[in-house]
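The block underneath contains the structure these notes are about, expressed in structure tokens.
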Protein chains: 2
Amino acid sequence: MAVRITWQDVYDKIHKRILDSSYAPGDKLPRDEDIAQELGCARSTVQRAMRELSEEGIVERRRKGGTHVRSYPVTRATFDISVTRHEVESAGKVYSYQLINREIAKSPRNVMAAFGLTAPKDMLRIEALHLSDRQPYIYEDRWVCTDTVPEIANVDLQCESANEWLVLNRPYDHADLRFYAQNADAYHADLLDAQLGVALFVMERTTWIGTAPITTVKAVTSPGYQLITRT
Amino acid sequence: MAVRITWQDVYDKIHKRILDSSYAPGDKLPRDEDIAQELGCARSTVQRAMRELSEEGIVERRRKGGTHVRSYPVTRATFDISVTRHEVESAGKVYSYQLINREIAKSPRNVMAAFGLTAPKDMLRIEALHLSDRQPYIYEDRWVCTDTVPEIANVDLQCESANEWLVLNRPYDHADLRFYAQNADAYHADLLDAQLGVALFVMERTTWIGTAPITTVKAVTSPGYQLITRT
DNA sequence: TAGTGGTCTAGACCACCGG
DNA sequence: CGGTGGTCTAGACCACTAT
């Protein structure tokens, strides 16, 4: 009996043809049905392989239009942002945490913008420092929407970081992410034990549940921080 | 006759139960078979939904172990890096390009590191500036492995950027990506029309075909550049 | 070793959209 | 409107791994 073809076999064969330019950018691939027949498998197996290629941004598929190699390939990369404690610990370091400030305050303009608000609002602001092997690692400036998350008022943020509490207790729908570079001002330089003006890598994240905003956080990393990923 | 259940229906139902904490972090979900029966669909439909949840990092699945809500949720984000010309044009700006330098040179240490080389090697180095509406946008410092891509020697890089030529003519297998912040030195400040010392967002990318290195590029963005994505 | 998820099949119908 | 991809089903077998 014939060998059993897996969807990964199909994936590899088609991918190889793209890599060696048998199918070049913009080219149209045969219909799933024909590929299935050629390779001797069911159409759904081809479907499975093609979905993978499609999700990776290698081909584009359209009903009736067929499958095409992307005219302008993209590098599609995925990365995970986890709880900072985990990030530190999985690097084999000792994690610690300091609460710097906790207050109720009117949301400033940048926070209003992140949440799409038109007027300032009382929110819970939390500033904290994450440390790796006792060295400053990430300073986080967080605003929590107390309308959406009233329970956070009762959490002891001295021992449990807002980062972790929220992740465990407040699942979110979707998030907006933003990465950029920023010069250390006096405040950040002091907290992160960095030189004034040094370039710092910043990650901003705003999370929502449905249309209700949960929290927005600006994570300022210490000098030398890199975000690394592989496709 | 009963309503036809789609995998997205299943996805939504399960996701909702996770969002409202019916299933909390660490909890075990019923077997696919049971969910299929409960919702009145085939097991493969549940499979399809569960794979999605799994790929998004919301649940973890293991044979025999079953399906669990992740104990420590992660934010899994995806972003595309496309040809710089496209990035500029899809922002509604006018793209232009300047070749700054083109030379054969021994790979410096950082390039050796990116490629995993132990000894320096002659490679093609290309420096170029991408502009958006005539303003400096990204400076790219690229090293091309001429062993893997000999044809690039014959390409006129005055009119076609190496970025674009490589993407169209040299498909790659996988890529390493690296993001960080860096202070503008005199050279970058001059090219990008930026102030000395200002924080710049940098993207490094190294691509491979199998085990053969293709190119490594350091893209230094102009001040204010942000990488934005949404989950 | 038994239980669970992963995959393949063959066939059917549907949804979208290009010619 | 017809061709193509997207999905569902029911059943079977396989692969991994927790117990």
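Computed from a prediction, not measured in an experiment: that's the story for all the values here. Chain letters run A, B, ... following the sequence lines, proteins first and then strands; every chain starts at 1.
Rounding to the nearest 0.5 Å places CG of B/Leu157 at 9.5 Å from CZ of B/Arg142.
Atom-to-atom, CG of B/Asp34 to P of C/dT4 comes out at 8 Å; the value is rounded to the nearest Å. Spacing between atom CZ of A/Arg48 and atom P of D/dG6 amounts to 13 Å, rounded to whole angstrom units. In this structure, A/Leu53 atom CG and D/dG5 atom C1' are separated by 14 Å, rounded to whole Å. One atom, CD of B/Gln8, and another, P of D/dT7, lie 7 Å apart when rounded to the nearest Å. For the pair A/Arg4 CZ and C/dT9 C1', the interatomic distance rounds to 7 Å; values are reported in whole Å. We find that CZ of B/Arg62 is positioned 11 Å from P of C/dG6, with the value rounded to whole Å. The interatomic distance linking B/Ile5 (CD1) with D/dT9 (C1') rounds to 13 Å, in whole Å. As rounded to whole Å, 20 Å separates atom P of C/dC13 from atom CG of A/Asp32.
Aromatic ring orientation, B/His174 versus B/Trp208: parallel (interplanar angle below 30°, classes split at 30° and 60°).
Using a 4.0 Å cut-off between charged nitrogen and carboxylate oxygen, B/Arg17 and B/Asp12 do not count as a salt-bridge pair.
Only one option out of A/Asp176, A/Asp141, A/Thr206 pairs with A/Thr216 in a side-chain hydrogen bond (donor to acceptor under 3.5 Å, both in side chains); it is A/Thr206.
Using a 4.0 Å cut-off, no side-chain N or O of A/Gln47 falls inside it from OP1 or OP2 of D/dG5. In this structure, B/Thr45 reaches the D/dT9 phosphate: one of its side-chain N or O atoms is under 4.0 Å from OP1 or OP2. Under 4.0 angstrom from either OP1 or OP2 of C/dG6 there lies at least one side-chain N or O belonging to B/Arg61.
In terms of position along DNA chain C, the nucleotide closest to B/Gly65 lies nearer the 5' end than the nucleotide closest to the other residue of the pair B/Gly65 and A/Gly65. Take the nearest nucleotide of DNA chain C for A/Ser44 and for A/Arg63: the residue whose nucleotide is more 5' is A/Ser44.
Side-chain contact between B/Ile152 and B/Leu166 is present, with heavy atoms from C-beta onward closer than 4.5 Å.
Looking at A/Arg43, its side chain comes within 3.5 Å of the base of D/dG6 through a donor and an acceptor atom.
Among C/dT7, D/dT9, C/dA10, the nucleotide with an atom closest to any side-chain atom of A/Thr6 is C/dT7.
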